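Only a predicted model underlies this, so the values are computations on that prediction, with no experimental measurement involved. We count ligands from 1, going down the list as the structure has it; atoms in each ligand are counted the same way. Counting begins at 1 with the first residue of the sequence.
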Amino acid sequence: MNLKIYIETYGCQMNVNDSQVAAAILEKAGCSVTENISQADVILVNTCSVRDNAEKRVLGRLEVFRLEKKKREGVIVGVLGCMAQRLKDELLKNGNVDFTIGPDSYRSLPAVISYIRDKGGKMTETNLSSTETYSDIDPVRVDSNGVSAFISIMRGCNNMCSYCIVPFTRGRERSRDPQSIVAEAEKLVKEGYKEVTLLGQNVDSYLWINPENTTDSVNFSQLLELVALACPDMRIRFQTSHPKDMRKGVLYTMAMYPNICPHIHLPVQSGSTRMLEKMNRKYTREDYLEKIKAIREILPDCSVTTDIIAGFCSETEEDHQQTLSLMKEVGFDSAFMFQYSERPNTLASRKYPDDVPDGAKTERLNQIIALQNELSLLSNQKCIGQTYQVLVEGPSKRSDKQMTGRTPQNKFCVFDAKDTKPGDLVYVKILTCSSATLMGEIVEQPKTLIEKAEDTIEEGLHEIKEKIIKSIARNKKPKDNE
Ligand code: SAH
Ligand code: SF4
Ligand code: F3S
């Protein structure tokens, strides 16, 4: 099947990785990926259902694809991902869509495409699996900067947060075998990648049980350690942590391995225990703050980022104030902030009225964003004068004389390019900042604590030596009466 495939991706990092899995399955079947939509035989859009506006964007794109279908006869349009899973054949009523394939059915892509090309018609493949992890598929790194890559370590979600569509679109949680995860990381090292992000909806509940010996298992902190040891020169990140499941063991593993980046994305969603209970998050405000305390104690230089939902069902001004106060108490380094969007069939949509008026939701979200901008600025200002190891990702959008990259804490950084190239690790001293960006200059690698201690000892020894020489010289000096 020698077809040109164009893939557009919306939604989370997991979707970015899934598009790479889909590309790999199609390349194996003889297809090739094109970045040019006007050359495509097959247009795929990998979609997100997490909020209503994410779905609206995709529906808008389908109109654009209709024009491509008009221009060239035989072009096939397929919808992949969470929206395909949620809406199934309802999406096929849209005249522009030829097939829908859900997140667990990507292996059927070649068969579906070839059937539609040969016989015409429309198809839907949306069976959810309790075992599929695509562990044998080597993702084709489309849309990659060649420096940083994603590895999916698990799929699905069992948490059933009451507002969330993900458990419905991605099915039951399942963990991928650690051997194939480590092998994928090692392959990325060979291909020149310098950073990997381990992905799961709740990485803290990763648990692989050896099917041949069920007493043999690997949890998330053990997996982190395996990857850190196998790829000592690779930066390792992970996402997303869940406050109810994050254990100290993960923090200690992070502290032990310098190649695991000190950054935790720990979505809080709300600062009000009443809201958290209604959201079915299974932790209280106090539990969350305890986790933050543990991070600060075990990993003093770790950044903490979060997700916040404004205006969830029955949220009062008092609940909202508690979110603002928790944000201040934690001092998040950055946050993704959203207005609550009711999703069909979720527990919240069935049980709780979406009763916060739109105007109040927007007003609360704006207050949350304004506060986070202040907190992000404060957090960035603390970096001024410090030197960070930055992984160079590519030229700045504003000027090709400047490069961009990220600190271990995942802060975005801009600096004069000099002769650096993507993939280099450089040291950048931070000179100024905005709430979103650190700006600095490349400097020599700063001395480590041990090197500094050695220097102090060296200086001390030198001083003692000088004193001894002086005193010997004094003692040797002939006395006046000699
Ligand atoms: N598994 C991750 C991320 C899930 S989706 C986690 O548990 O944190 C990413 C974010 O989208 C969520 O953290 C939440 O803040 C937001 N989100 C999910 N459903 C939403 C909804 N119905 N309305 C508004 N925001 C939502
Ligand atoms: Fe959704 Fe909750 Fe699962 Fe995250 S943990 S994907 S918010 S159900
Ligand atoms: Fe991701 Fe959106 Fe699906 S956030 S899991 S693509 S609903």
Side-chain angles (χ1 to χ4, degrees), residues 8-19 21-22 45-58 79-87 102-104 126 128 150 152-174 198-206 238-246 264-271 275-276 278-283 288 304-313 315 323 332 335-350 352 354 356 358 361-362 364-365 368 372:
E8 216 164 88
T9 307
Y10 295 87
C12 60
Q13 295 170 336
M14 191 70 87
N15 252 18
V16 174
N17 192 246
D18 276 7
S19 289
V21 167
V45 54
N46 194 0
T47 59
C48 174
S49 286
V50 81
R51 282 168 293 276
D52 186 49
N53 54 11
E55 292 199 341
K56 288 223 169 83
R57 263 175 85 194
V58 169
V79 177
L80 313 184
C82 292
M83 213 172 147
Q85 188 66 40
R86 188 177 89 73
L87 295 168
D104 284 348
T126 48
L128 284 173
F150 299 126
S152 160
I153 62 164
M154 59 207 291
R155 297 183 71 85
C157 183
N158 283 354
N159 291 300
M160 299 302 270
C161 300
S162 61
Y163 51 80
C164 185
I165 195 78
V166 174
F168 301 88
T169 60
R170 291 196 165 254
R172 304 294 294 164
E173 182 185 282
R174 63 221 95 123
L198 307 180
L199 294 180
Q201 296 299 344
N202 174 358
V203 291
D204 299 300
S205 64
Y206 174 90
F238 54 87
Q239 196 162 317
T240 303
S241 304
H242 197 304
K244 83 176 158 66
D245 294 316
M246 191 187 70
I264 299 180
H265 186 65
L266 195 65
V268 66
Q269 314 298 0
S270 168
M275 282 292 102
L276 290 171
K278 238 180 159 160
M279 289 175 164
N280 197 28
R281 291 289 288 178
K282 300 201 167 76
Y283 54 87
Y288 187 87
V304 181
T305 57
T306 201
D307 292 349
I308 297 173
I309 298 177
F312 183 59
C313 311
E315 185 188 71
T323 297
F332 291 113
F336 295 110
M337 298 152 284
F338 315 101
Q339 210 165 295
Y340 171 57
S341 159
E342 188 178 80
R343 307 314 293 132
N345 297 325
T346 54
L347 183 77
S349 78
R350 284 181 276 123
Y352 310 127
D354 179 11
V356 177
D358 269 355
K361 276 188 193 170
T362 311
R364 287 177 196 169
L365 179 65
I368 289 171
Q372 186 52 49

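- Neither the backbone nor the side chain of Pro267 has a heavy atom within less than 4.0 Å of ligand 2.
- At a heavy-atom cutoff of 4.0 Å, ligand 1 is contacted by both the backbone and the side chain of Gln201.
- Neither the backbone nor the side chain of Met14 comes within 4.0 Å of ligand 3, counting heavy atoms alone.
- Checked against Tyr163 for a side chain to side chain donor-acceptor pair (under 3.5 Å), the options Arg343, Lys278, Gln269 give a single hit: Gln269.
- Every atom of ligand 1 is numbered from 1 in the order shown, and the set under 4.0 Å from a heavy atom of Phe338 is 10 (C), 11 (O), 15 (O), 16 (C), 25 (N).
- Distance check: Asn280 CG to Asn159 CG gives 8.5 Å after rounding to the nearest 0.5 Å.
- At least one side-chain heavy atom of Asn202 sits less than 4.5 Å from a side-chain heavy atom of Asp245.
- Residue-to-ligand polar distances place Ser341 within reach of ligand 1: an N/O pair is separated by less than 3.5 Å.
- If you look at Val166 next to ligand 2, the close heavy atoms, those under 4.0 Å, all belong to the side chain.
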message: As a quick check of understanding, evaluate side chain to side chain contact (heavy atoms under 4.5 Å, CB included) for His265 and Ser241, giving each step before the final call.
response: CA-CA 6 Å; His265 186 65; Ser241 304; 6.0 Å; no
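- Not close to ligand 3: Gln13, with no non-hydrogen atom less than 4.0 angstrom away.
- In terms of protein heavy atoms, atom 3 (Fe) of ligand 3 is closest to Cys82 SG, 2.2 Å.
- Looking only at heavy atoms of the protein, atom 7 (S) of ligand 2 is closest to Tyr163 OH, 3.4 Å.
- Taking every non-hydrogen atom of Gln201 and a distance limit under 4.0 Å, the qualifying atoms of ligand 3 come out as 5 (S).
- Here the side chains of Met275 and Thr323 are not in contact, with every heavy-atom distance at 4.5 Å or above.
- For the pair Arg281 and His242, the minimum side-chain heavy-atom distance is below 4.5 Å.
- A cation-pi geometry, defined here as NZ or CZ lying under 6.0 Å from the six-membered ring centre and within 45° of its normal, holds between Arg51 and Phe338.
- Taking backbone and side chain together, Cys12 holds no N, O or S atom under 2.8 Å from atom 2 (Fe) of ligand 3.
- Per-residue contacts place Pro167 under 4.0 angstrom from the following atoms of ligand 2 (heavy atoms of the residue considered): 8 (S).
- The distance from atom CD1 of Ile165 to atom CD of Glu342, rounded to the nearest 0.5 Å, is 10.5 Å.
- Between the side chains of Gln85 and Thr126, not a single donor N or O lies within less than 3.5 Å of an accepting N or O.
- Only the side chain of Arg281 comes within 4.0 Å of ligand 1, counting heavy atoms alone; its backbone N, CA, C and O stay farther away.
- Rounded to the nearest 0.5 Å, atoms OG1 (Thr240) and CD (Gln13) are 7.5 Å apart.
- Considering only non-hydrogen protein atoms, atom 6 (S) of ligand 3 sits nearest to Asn15 ND2, 3.3 Å.
- Remark: minimum distance from atom 2 (Fe) of ligand 3 to any protein heavy atom is reached at Cys48 SG, 2.3 Å.
- Pro344 and Ser349 get closest at one heavy-atom pair: C-OG, 3.8 Å.
- Heavy-atom contacts of His242 reach the following atoms of ligand 2: 5 (S) (cutoff under 4.0 Å).
- Under the 30°/60° scheme for interplanar angles, the aromatic rings of Tyr283 and Tyr288 are found to be tilted.
- Separation of atoms SG (Cys313) and CG (Leu347) is listed at 9.5 Å; rounding is to 0.5 Å.
- When hydrogens are left out, the protein atom nearest atom 14 (C) of ligand 1 is Gln269 OE1, 3.4 Å; that is the closest non-hydrogen contact.
- Contact check for Ser270 versus Phe312: no side-chain heavy atoms found under the 4.5 Å cut-off.
- Listed by number with element, the atoms of ligand 1 under 4.0 Å from a non-hydrogen atom of Pro267 are 8 (O).
- Distance check: Asn15 CG to Met83 CE gives 12.0 Å after rounding to the nearest 0.5 Å.
- Remark: minimum distance from atom 8 (S) of ligand 2 to any protein heavy atom is reached at Cys161 N, 3.4 Å.
- Among all protein heavy atoms, the one lying closest to atom 24 (C) of ligand 1 is Gln339 O, 3.4 Å.
- Side-chain atoms of Arg57 and Val45, non-hydrogen and from C-beta on, never get closer than 4.5 Å to each other.
- Close approach to Arg51 involves these atoms of ligand 1, each under 4.0 Å from a residue heavy atom: 11 (O), 16 (C), 17 (N), 23 (N), 24 (C), 25 (N), 26 (C).
- Among the backbone and side-chain atoms of Cys164, an N/O/S atom is found under 2.8 Å from atom 1 (Fe) of ligand 2.
- If you look at Tyr163 next to ligand 1, the close heavy atoms, those under 4.0 Å, come from the backbone and the side chain alike.
- Against a heavy-atom cut-off of under 4.0 Å, Val50 is close to the following atoms of ligand 1: 5 (S), 18 (C), 19 (N), 20 (C), 21 (C), 22 (N).
- Remark: distances from the non-hydrogen atoms of Val166 to ligand 1 are all 4.0 Å or more.
- Using a cut-off of 4.0 Å between Lys/Arg side-chain N and Asp/Glu carboxylate O, Arg172 and Asp104 are scored as not salt-bridged.
- Listed by number with element, the atoms of ligand 2 under 4.0 angstrom from any heavy atom of Arg281 are 2 (Fe), 7 (S).
- Within the coordination shell of atom 2 (Fe) of ligand 2, defined by N, O or S atoms under 2.8 Å, Cys157 is absent.
- From Met154, atom CE reaches atom CG of Leu199 across 11.0 Å, with rounding to the nearest 0.5 Å.
- Proximity of Arg170 to ligand 2 is not established, as no heavy-atom distance is less than 4.0 Å.
- Contact between Arg170 and ligand 3 is present, with at least one heavy atom of the residue lying under 4.0 Å from the ligand.
- Neither the backbone nor the side chain of Glu342 comes within contact range of ligand 1; no heavy atom lies under 4.0 Å.
- Scanning the protein for heavy atoms near atom 13 (O) of ligand 1, the closest one is Asp307 OD2, 2.6 Å.
- A heavy-atom distance below 4.5 Å is found between the side chains of Asp18 and Arg155.
- The protein heavy-atom contact nearest to atom 5 (S) of ligand 2 is Asn159 ND2, 3.4 Å.
- Residue Tyr340 places no N or O, backbone or side chain, under 3.5 Å from any N or O of ligand 1.
- Residue Ser49 places a heavy atom less than 4.0 Å from ligand 3.
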